[in-house]
Amino acid sequence: MSALHQLRIADWLKTTPTGQTITVSGWVRTKRGNKDIAFVALSDGSTINTLQIVAELVNFDEEIIKKIQTGCSLRVTGALVASQGAGQTVDLQAQKIEILGEADAEKFPLQKKKHTLEFLREIAHLRPRTNTFGAILRIRHALAFAIHKYFNDHHFYYIHAPIITGSDAEGAGEMFRVSTIDPQNPPKTGNGEIDYSQDFFGKSANLTVSGQLESELAAMALSRVYTFGPTFRAENSNTARHLAEFWMIEPEMAFFELTDNMDLAEDFLQYLIKYAMEHCADDLVFLEKRLIEEESQLKKEDRNPMPLLEKLKFVSETAFERITYTEAVAILEKSGRKFEFPVKWGIDLQSEHERYLVEKHFKKPVILTNYPKDIKAFYMKLDEDGKTVRAMDVLFPGIGEIIGGSQREEDYEKLSKRIDEMGIHRESLWWYLETRQYGTVPHSGFGLGFERLVLFVTGMGNIRDVIPFPRTPKNLEF
RNA sequence: UCCUUGGUAGCUCAGCCGGUUAGAGCAUCUGACUGUUAAUCAGAGGGUCGCUGGUUCGAGCCCAGCCCGAGGAGCCA
């Protein structure tokens, strides 16, 4: 049978064992046994669970059995039978064992024991073979798939925003330069600066920090669009919540106002969480157990108030609190709490403030809206009072800002004025401004950091552990 | 980038006030064991104490610089 149609371990574990002869392939997790019999836990990544291979040693060459060690790959043919042991329902009584690739036990870094996440980061080429990363990668896949499904079902078109861009006017962060100029001998202009007119694109180029502006252009024709692609920030951020390369989802909708935008964000997030709970139940149960075990060493106040699955259920079923920035500041001022950064209308809210609102005051996700215009981006729609803008940030417990979005300024004159006020180079945005001159409409959108979503759903603590090969300052291995 | 903290065996860690041959558990290897569940039991091997320089009769330990990790902060998604 073609490998394409072969059943996987996940499929076999669900079937009723009748002694039928099957063939499975995978990697050895552990081998146990005595001089008569060997038990091998085999994984093919299709599920967190392993298939137990039972080998009566009299039937096999001693050399073969010796080579079956943690990490090696096997193809096994045998009879699928009900297990005599207690730990699993089915066994594969091996008739033929083929070693596809050996793994020297003295050198193979993954052992039959717990490893720290920090150590596994150093062996990112092998960590998908652990239970934890297998679970995370399957959940990550399910969420990515669910994102496309949700948007498709809601009549959004998937737009591919460019990864190399010439515009640097968004102010979303430091950018990585893209260039083919010889760094040893760059062409210079008369005043000694590097002459990018001689570079590949004839001007200075960067990796994108956001697909939003391009998304807006497409929304002005297709009404509902979204991007889902890699995004790059050259910020020297060393935290458990930042990556230099991450994946972002950015829907942009014509004819959506701020409230519609909030409705979408809330429905979308709750759908994604429910999807993961429905399709990755085994993996989530495993991660929940892992988390409880890990947190058992912590003090009570440092633990998560709810087990993972309960938290996901709660967030996916509870309406998010929606309050304005001004109301939030009032709550913080009345809280009587001493914050490291004192609260005053006009300041950007700090982590400690957001955490208080989400984790202490409301105890559920919060959507903060109508921030002061001076702490937000130029493209956000000005409110009638002239002081605030129609921004919205979705704050999640333990994560902080998971979504940042806004209704966009569709009025040419107002947008133009904001660009000048904020000292932005308007010539490089001529194409963006034209959308406000030709058939402008009210529209809104937001950005969701994909890894932050995966972080929340998996309950993991460090964003470097929810992406296969993290890119962070001083780290470009693999 | 700032603050705090750490780097000792393959992994997780201990190592007293600077003192003789640097330890433990797990992993690995060898042996024992009639169905194991991170199997169990017994034994063995395994070290550039992050790097560079300095202080000292003597440095894993003290000092300086650098590299890397973790927690927190800032920036944000």
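Quick note on labels: first sequence line is chain A, next is B, and so on, each numbered from 1. The basis for the numbers below is simple: all heavy atoms, side chains too, and nothing from hydrogens, waters or symmetry mates.
- Base contact: A/Gln52 has a heavy atom under 4.0 Å from a base atom.
- Straight-line distance from the CZ atom of A/Phe119 to the C1' atom of B/rA70: 16 Å, rounded to whole Å.
- Residue pairs meeting the side-chain hydrogen bond (donor to acceptor under 3.5 Å, both in side chains) criterion with at least one member in residues 341-357 of chain A, sequence neighbours excluded, are A/Thr326-A/Trp345.
- Between B/rC13 and B/rA32, the distance separating the two C1' atoms is 30 Å to the nearest Å.
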Atom pairs under 3.5 Å, N or O on each side, protein against nucleotides 44-52 of chain B: can you list them with distances?
none

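- With a 6.0 Å radius and a threshold of 12 heavy atoms from other residues, nucleotides or ligands, A/Lys364 has its NZ atom above the threshold.
- The stretch residues 24-41 of chain A comes close to RNA chain B through A/Thr30, A/Arg32, A/Gly33, A/Asn34, A/Lys35, A/Asp36, A/Ile37, A/Phe39, each having a heavy atom under 4.0 Å from the strand.
- The separation between A/Leu120 atom CG and B/rC11 atom P is 11 Å, rounded to whole Å.
- In plain terms, the two heavy atoms of A/Pro128 and A/Leu137 that are nearest each other are CB-CD1, 3.8 Å.
- For A/His125, the ring-ring contact (aromatic ring centres under 6.0 Å, His included) partners at least two apart in sequence or on another chain are A/Phe478.
- Counting to the nearest Å, the C1' atom of B/rG6 and the CG atom of A/Asn238 are 16 Å from each other.
- The residue A/Arg290 sits apart from the nucleic acid: no heavy atom pair falls under 4.0 Å.
- Between A/Phe446 and A/Phe268, the angle of the ring planes lies from 30° to 60°, which puts this pair in the tilted group.
- Atom CH2 of A/Trp27 sits in a sparse spot, with 12 or fewer heavy atoms from other residues, nucleotides or ligands closer than 6.0 Å.
- Both tests do not hold together for A/Lys363 against A/Phe314: distance to the six-membered ring centre under 6.0 Å, angle to the ring axis within 45°.
- Atom NE2 in A/His115 sits about 15 Å away from atom P in B/rA38, given to the nearest Å.
- Between B/rG31 and B/rU48, the two P atoms lie 28 Å apart (nearest whole Å).
- Spacing between B/rA14 and B/rC49 at atom C1', rounded to whole Å, works out to 13 Å.
- Put simply, CD on A/Glu122 is 13 Å from C1' on B/rG6, counting in whole angstrom units.
- Between A/Val285 and A/Glu288 there is no side-chain heavy-atom pair separated by less than 4.5 Å.
- Contact check for A/Asn238 versus A/Thr472: no side-chain heavy atoms found under the 4.5 Å cut-off.
- Ring pair A/Phe228/A/Phe450: centre-to-centre distance below 6.0 Å.
- Residue pairs meeting the salt bridge (Lys or Arg N to Asp or Glu O under 4.0 Å) criterion with at least one member in residues 133-150 of chain A, sequence neighbours excluded, are A/Arg138-A/Asp283, A/Arg140-A/Glu451, A/Lys149-A/Asp153.
- Between A/Phe246 and A/Gly461, it is A/Gly461 whose nearest contact on RNA chain B lies nearer the 5' terminus.
- Annotation: proximity of residues 445-453 of chain A to RNA chain B (heavy atom, distance under 4.0 Å) is found for A/Gly447, A/Gly449, A/Arg452, numbered in ascending order.
- Within residues 464-478 of chain A, the residues having any heavy atom under 4.0 Å from RNA chain B are, by residue number, A/Arg464, A/Lys474.
- Salt bridge absent: A/Arg290 and A/Glu293 never bring a charged side-chain N and a carboxylate O closer than 4.0 Å.
- The nearest whole Å value for the distance from the NZ atom in A/Lys114 to the C1' atom in B/rU12 is 13 Å.
- Atoms CD1 (A/Ile249) and C1' (B/rA77) sit 10 Å apart, rounded to a whole Å.
- Minimum atom distance to the side chain of A/Ile463 is reached by B/rA77, of the listed B/rG74, B/rG35, B/rA77.
- Summarising the geometry, atom CG belonging to A/Asp104 is positioned 11.5 Å from atom SG belonging to A/Cys72; distances are rounded to the nearest 0.5 Å.
- Residues from residues 78-90 of chain A lying near RNA chain B, meaning a heavy-atom separation below 4.0 Å, are A/Ser83, A/Gln84, A/Gly85, A/Ala86, A/Gly87, A/Gln88 in numerical order.
- Heavy atoms of A/Ile402 sit under 4.0 angstrom from primed sugar atoms or phosphate atoms, though from no base atom.
- With B/rG69, B/rA77, B/rA73 as the candidates, the nucleotide lying closest to the side chain of A/Arg241 is B/rA73.
- For the pair A/Arg127 and A/Asp465, the salt-bridge criterion is met [side-chain N within less than 4.0 Å of a carboxylate O].
- Listed by chain and residue number, A/Thr18 satisfy the side-chain hydrogen bond (donor to acceptor under 3.5 Å, both in side chains) test with A/Gln20 (two or more places apart in sequence, or in another chain).
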Could you give me the CA-CA distance, side-chain angles and deciding distance for A/Phe456 and A/Lys311, then say whether side chain to side chain contact (heavy atoms under 4.5 Å, CB included) is met?
CA-CA 10 Å; A/Phe456 181 77; A/Lys311 178 187 85 175; 3.7 Å; yes
Convert the base pairs of RNA chain B into dot-bracket notation, remembering that pairs crossing earlier ones are written with [ ] and that bases paired across to another strand are shown as |; include only Watson-Crick or G-U pairs under 3.5 Å.
(((((((..((((.....[...)))).(((((.......))))).....(((((..]....))))))))))))....
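- Each of A/Glu409, A/Arg418, A/Gln212 was evaluated against A/Tyr379; a single residue qualifies, A/Gln212, per the side-chain hydrogen bond (donor to acceptor under 3.5 Å, both in side chains) test.
- The separation of B/rC62 from B/rA73, taken at their P atoms, amounts to 30 Å, rounded to a whole angstrom.
- Atom CG of A/Asn236 and atom C1' of B/rC76 are 14 Å apart (whole Å).
- Side-chain contact between A/Thr227 and A/Ser215: present, with at least one pair of heavy atoms (C-beta onward) separated by less than 4.5 Å.
- Spacing between B/rC51 and B/rG60 at atom C1', rounded to whole Å, works out to 15 Å.
- Among the protein residues, A/Asp91 comes within range of the nucleic acid bases, having at least one heavy atom under 4.0 Å from a base atom.
- Between B/rA44 and B/rA27, the distance separating the two C1' atoms is 14 Å to the nearest Å.
- Comparing B/rA70, B/rU12, B/rC76 by their nearest atom to the side chain of A/His242 picks out B/rC76.
- Between the side chain of A/Ser237 and the base of B/rC76 there is no donor-acceptor pair of N/O atoms closer than 3.5 Å.
- Applying the 4.0 Å criterion to OP1 and OP2 of B/rG74, one finds that A/Gln350 has a side-chain N or O inside that range.
- Contact check for A/Arg224 versus A/Phe256: side-chain heavy atoms found under the 4.5 Å cut-off.
- Taking 4.0 Å as the cut-off between side-chain N and carboxylate O, A/Arg322 and A/Asp263 count as a salt-bridged pair.
- For A/Tyr157, the OH atom counts as loosely surrounded, since its 6.0 Å shell holds 12 or fewer non-hydrogen atoms of other residues, nucleotides or ligands.
- For A/Ser406, the side-chain hydrogen bond (donor to acceptor under 3.5 Å, both in side chains) test picks out A/Arg408, with sequence neighbours left out.
- Centroid-to-centroid, the aromatic rings of A/Tyr150 and A/His148 stay 6.0 Å apart or farther.
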Whether each nucleotide of nucleotides 24-31 of chain B has a protein heavy atom under 4.0 Å at its base (B), only at its sugar-phosphate (S) or at neither (-) is summarised, 5' to 3', as -BBSSSS-
